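Everything numeric here is computed off the predicted structure, so don't read it as measured data. First listed ligand is number 1; within each ligand, the first listed atom is number 1.
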Amino acid sequence: MIGLSIVIPCHNEEEVFAELRRRLESVTLDLAESFEIILVDDGSTDHTWNLMQELGKQDSHYVCIKLTRNFGHQRALTAGLDFARGQRILILDADLQDPPELLPEMLTLMDQGYHVVYGQRIDRQGEGHFKRWTASLFYRLINRLAERPIPVDTGDFRLLSRKALDALKSMPEYHRFVRGMVSWVGLAQVAIPYTRQPRVAGQSKYPLPRMIGFALDAITGFSIKPLTIASWLGAASASFGVLLIAYSLYSWLFLNAVHGWTSIIAALAVFNSIQLLVLGVLGEYLGRLYEQSKNRPLYLVDEVFRSHEA
Ligand code: UDP
Ligand code: MG
């Protein structure tokens, strides 16, 4: 039985490998339990897969999984979690923004009975104002909307017990916001504060459009409040419309006024944009419902590499 699995999704991370290996070696050196390190190549177009196999050949702790294409961070992570055999599972990013050196402290907390020990960023070094600001806005927004609180300023950096992971694995959703799903599971969870470091090398794989997509997945995955808000918006615009009709009838009957087109255009613009907005909100849910209903696998594995059959 394996004590600990470390799961690391990687997409075009060739520049970080040497450092990743060095840091993991020093962290796992004092580990009392047996461990495996699961690297998932999420459709990299650089030398990531070759480097992974090199690592796998040299060190039998590594299990390397190559997906058939890029499935995105959350699904690559899901693939790694599905392969994990450990009694405890550490989720880590390849770029070492989250220090693996916290592992002993996390293990100690888990020994005290917690099933989830999640990293909580008290500071984000090396991340621009824009990323900090949007991230902070996002966590506050999702917590207003979601029915269950999702801890603010967390990432996927966390230690899970086997029980928590098995619960997570029972959730089949296609659009995944893993940190929210872990929080939804319940069980005893605790935060461990840390300072987020800059990437050791390479570029963030989350440009703005991806961040927006991720935020929409999170919101639609954890709340139907936007649909309720859409109905309220519809009701508010209808009430406003009734007032406008009353006003125009009154002007027509008593003021003998010729309406200018400014007011007509303004009313048209307001009502049309509200309609489009409401349709857009519906569309976000409908599209996701459609994709979920196709029931496709979350990811496909091309190859698994281990230096020996464990
Ligand atoms: N990643 C991935 N697939 C993707 C994008 C990212 O597996 O399509 C991995 C990436 O290699 C890294 C982790 O997800 O290990 C987090 O990505 P990144 O560091 O670029 O995100 P950021 O920290 O900037 O939010
Ligand atoms: Mg990163």
Side-chain angles (χ1 to χ4, degrees), residues 5-21 23-24 37-52 55 62-84 89-100 102 118-121 123-139 142 152-158 174-180 182 194-218 298-303:
S5 303
I6 302 179
V7 176
I8 311 176
C10 310
H11 176 65
N12 290 344
E13 298 287 9
E14 59 183 6
E15 288 145 293
V16 307
F17 262 83
E19 181 67 4
L20 180 65
R21 179 189 188 173
R23 296 270 293 274
L24 285 177
I37 299 172
I38 299 180
L39 301 174
V40 183
D41 175 18
D42 185 21
S44 297
T45 48
D46 64 0
H47 294 107
T48 296
W49 177 242
N50 299 342
L51 292 171
M52 276 185 187
L55 266 184
Y62 283 90
V63 181
C64 311
I65 297 156
K66 183 184 196 312
L67 301 186
T68 54
R69 62 170 172 86
N70 180 252
F71 281 90
H73 177 198
Q74 300 288 296
R75 284 192 219 148
L77 170 59
T78 305
L81 292 174
D82 287 346
F83 273 83
I89 303 91
L90 177 72
I91 303 175
L92 194 67
D93 280 355
D95 59 3
L96 295 165
Q97 283 197 275
D98 313 307
L102 281 183
Y118 56 87
Q120 191 158 39
R121 302 150 184 178
D123 189 17
R124 293 162 169 258
Q125 289 182 3
E127 287 188 322
H129 285 300
F130 183 71
K131 180 128 187 173
R132 288 175 191 221
W133 184 75
T134 47
S136 147
L137 185 74
F138 166 69
Y139 281 109
I142 183 109
V152 298
D153 301 327
T154 57
D156 290 317
F157 177 49
R158 57 194 60 217
Y174 191 74
H175 295 275
R176 301 175 85 76
F177 179 54
V178 173
R179 61 203 73 163
V182 172
Y194 73 105
T195 302
R196 194 160 212 234
Q197 304 296 323
R199 260 184 168 268
V200 291
Q203 296 250 314
S204 168
K205 311 297 181 293
Y206 271 98
L208 187 62
R210 267 200 168 192
M211 267 164 60
I212 294 174
F214 185 59
L216 283 176
D217 277 347
L298 295 175
Y299 58 85
L300 291 171
V301 175
D302 180 8
E303 225 177 294

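Under the side chain to side chain donor-acceptor pair (under 3.5 Å) test applied with Asp217, the options Gln74, His175, Arg176 reduce to a single match, His175.
Ion pair Glu15/Arg199 not flagged as a salt bridge, since none of the NZ, NE, NH1 or NH2 atoms sits closer than 4.0 Å to an Asp/Glu carboxylate oxygen. One finds a salt bridge joining Arg196 and Asp93 here, because a Lys/Arg side-chain nitrogen approaches an Asp/Glu carboxylate oxygen to under 4.0 Å.
Contact residues for ligand 1 (protein heavy atom closer than 4.0 angstrom to any ligand atom): Pro9, Cys10, His11, Glu13, Asp42, Asn70, Gly72, His73, Ala76, Asp93, Ala94, Asp95, Gln97, Lys131, Arg196, Arg199, Ser204, Lys205, Tyr206, Arg210.
Here the closest heavy-atom approach between residue Lys131 and residue Met211 is recorded as NZ-SD, 4.2 Å.
Looking at Gln203 and Asn12, their side chains never bring a donor and an acceptor atom within 3.5 Å of each other.
Using cut-offs of 30° and 60° on the angle between ring planes, the pair Phe214 and Phe177 is perpendicular.
In terms of modelled atom types and a separation under 3.5 Å, the side chain of Ser5 and the main chain of Ile89 share no donor-acceptor contact.
Listed by chain and residue number, the protein N/O/S atoms under 2.8 Å of the Mg ion (ligand 2) are Asp95 OD2, Gln97 OE1, with waters left out.
For the pair Arg69 and Tyr299, the cation-pi test (distance below 6.0 Å, angle within 45°) is failed.
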Exercise for the section: Apply side chain to side chain contact (heavy atoms under 4.5 Å, CB included) to Thr45 and His11, showing your working. Expected result: CA-CA 8 Å; Thr45 48; His11 176 65; 5.7 Å; no
